[in-house]
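For reference, the structure discussed in these notes is given below.
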Amino acid sequence: MRFSLALSGILLLLPNLAWGFSPAVVNNRRSTMASTTMTTTTALSMALDKAMIGRLDGIRRSYQALTERLGDPDVLEDSKLLQKVMSDRASSEEVVMAYEEYCRLLEELEGAKELFQEAGDDPELKEMARAEIKEIEPQLERLEAEMKILLLPKDPNDNRNIMLEIRAGTGGSEASIFAGDLLDVYRKYISAQGWQSTIIDSSPGDDGGYKNVVMEVKGDMVYSKMKWEAGVHRVQRVPATESQGRVHTSTATVAIMPECDEVDVNIDPKDIEISTMRSGGAGGQNVNKVETAVDLLHKPTGIRIKCTQERSQLKNKELAMKMLMSKLYDMENEKREMEERARRGSQVGTGGRSEKIRTYNWKDSRCSDHRIQQNYPLSQFLNGDIDPMISAMIMKDQEEKLQDLAQEAAAT
């Protein structure tokens, strides 16, 4: 069967998905998308075709095979293999459960239709069958929409931890102070998400804040959310260092780098130049008398990393290499994403660190996201409540992917 899915139906559905969209965001998105309802509805109105049903059947068979493997003694004895099987099974569980519910409802719908046909002249029996059909059809529509979302291409980096880097941009000391404000916001958000964070490198500003700060963030699906924070953040306010009361415009750049390992990035030792130095500062005699700090240079790219956080040279070397791998992986990842977005003609934004994504206006107490043309209360952002902004970006990205699917289906 084919059911037409209106845009409002999708927007009402999305809060129930794994990303946890808030009703406020859904209402905002509904109003801002009014002008594109016709084109988006076309993208969302595709019912489950044979190709999609075939794909769902294949996912279900794979899920059942993985479930059987959980009882295999060879799997149970290998902790790494067991973890992989459990992870692979969990990644498809949601779509399998939705598909099985969909199949069950289809059978009930066919039964209700047969009952209606066999009811003959019995008005009560016909009305009962008609009521059951009316109850089942919206549930099928909801599940069709949910499964289409679940089957959209996923970012392979979404489940990775990240390196979050904030660099002060234009604006002198005020830019450093603003970089510190951004760090405070992200710490609040990270805490609310139940993630863990550790500062692994920092360079304090002259009047507070940071010229540069790098934080490692670990948790569930960190990159899937934090990747939408990458880019240039602009602030308009009267700096604490301003004696004339004039409004200044300053910027800070946020880079979100998925963590990786040697398997993801191959670094030739000949391309690396490492020197050591004394760390200096607090920490006792060891950091002041022993060369524990590491200065690492990657010659092909010119990336330079200084690590002074740890009290041993070996740990600082490991940390510097970890940061370098994340930076190199991020560069390749950004290149691939730019090519993909260019192919799709994406309007969500490049995700690049040179893209201006938000402006924070202190005078009007407003936070403006330029990618989705939406405003939020500044206090909401400063309190670390950025989930509605991130959810709106995820929603916009999904809408574009659904339109791509519609266009590809129409072309075949």
Side-chain angles (χ1 to χ4, degrees), residues 24-25 28 31-32 162-192 197 199-215 217 225-257 281 304 306 334 347-393 396:
V25 171
N28 287 338
S31 62
T32 57
I162 64 165
M163 293 283 191
L164 185 157
E165 181 180 43
I166 307 174
R167 284 184 176 275
T170 57
S173 294
E174 168 62 7
S176 296
I177 294 171
F178 178 50
D181 293 339
L182 287 175
L183 179 64
D184 290 340
V185 168
Y186 292 137
R187 276 176 159 168
K188 292 174 185 176
Y189 180 67
I190 288 164
S191 176
S197 64
I199 299 288
I200 61 174
D201 190 27
S202 64
S203 176
D206 297 333
D207 296 303
Y210 296 91
K211 294 177 181 177
N212 179 63
V213 58
V214 179
M215 180 165 62
V217 185
K225 291 191 173 186
M226 291 301 297
K227 65 182 177 183
W228 303 107
E229 291 301 301
V232 176
H233 297 244
R234 183 176 70 170
V235 62
Q236 295 174 326
R237 65 184 179 186
V238 178
T241 55
E242 169 59 50
S243 59
Q244 303 297 320
R246 292 170 298 185
V247 174
H248 287 218
T249 298
S250 306
T251 64
T253 302
V254 175
I256 305 295
M257 299 167 285
R304 192 178 205 113
K306 294 181 180 180
E334 185 175 8
Q347 298 301 310
V348 174
T350 65
R353 60 194 65 186
S354 61
E355 178 191 15
K356 184 179 71 175
I357 65 168
R358 291 202 200 105
T359 295
Y360 309 93
N361 188 300
W362 249 248
K363 180 181 178 182
D364 298 330
S365 298
R366 182 181 69 239
C367 167
S368 302
D369 197 306
H370 305 295
R371 299 163 295 180
I372 51 177
Q373 306 298 310
Q374 281 188 236
N375 295 326
Y376 298 88
L378 180 61
S379 58
Q380 176 181 330
F381 176 80
L382 295 176
N383 288 331
D385 183 14
I386 61 175
D387 232 11
M389 306 174 197
I390 291 173
S391 298
M393 286 297 302
K396 176 65 175 175

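Reckoned from all heavy atoms, side chains included, excluding hydrogens, waters and symmetry mates. From a predicted model like this one, the values you see are computed outputs, not experimental measurements. Along the sequence shown, residues carry numbers from 1.
Taking CD of Gln373 as the reference point, atom OG of Ser368 lies at 9.0 Å (rounded to 0.5 Å). Taking NZ of Lys188 as the start and CG of Asp385 as the end, the distance is 11.0 Å to the nearest 0.5 Å. Leu378 CG to Asp364 CG: the interatomic distance, rounded to the nearest 0.5 Å, is 10.0 Å. Taken to the nearest 0.5 Å, the OG atom of Ser203 stands 9.0 Å off from the NZ atom of Lys306. To the nearest 0.5 Å, atoms CD1 (Ile372) and CE (Met389) are separated by 9.0 Å. From Phe178, atom CZ reaches atom CD1 of Ile166 across 9.0 Å, with rounding to the nearest 0.5 Å.
Taking each heavy atom of Asp207 and Ser173 in turn, the nearest pair found is OD2-OG, 2.7 Å. The two residues Leu182 and Phe381 have their closest heavy-atom pair at CD2-CZ, 3.7 Å. Thr359 approaches His370 most closely through the heavy-atom pair OG1-NE2, 2.7 Å.
For the residue pair Thr170 / Thr251, a side-chain donor-acceptor distance below 3.5 Å is found, with atom types taken as modelled. Judged purely by distance below 3.5 Å, without hydrogens or angles, the side chains of Thr253 and Arg167 never pair a donor atom with an acceptor atom.
In this structure the side chain of Arg358 reaches within 4.5 angstrom of the side chain of Cys367, judged on heavy atoms. When side chains are defined from C-beta on, Tyr360 does not count as touching Asp181, because their heavy atoms never get closer than 4.5 Å. Contact of the Arg371 side chain with the Met393 side chain is registered, since non-hydrogen atoms from C-beta on lie closer than 4.5 Å. Side-chain atoms of Glu229 and Ile386, non-hydrogen and from C-beta on, do get closer than 4.5 Å to each other. For the pair Leu164/Met226, a side-chain contact is recorded, criterion being any heavy-atom separation below 4.5 Å from C-beta on. The closest side-chain heavy-atom distance from Arg187 to Ile199 is below 4.5 Å.
Classification of Asp369 and Lys396 as a salt-bridged pair fails, no side-chain N sitting under 4.0 Å from a carboxylate O.
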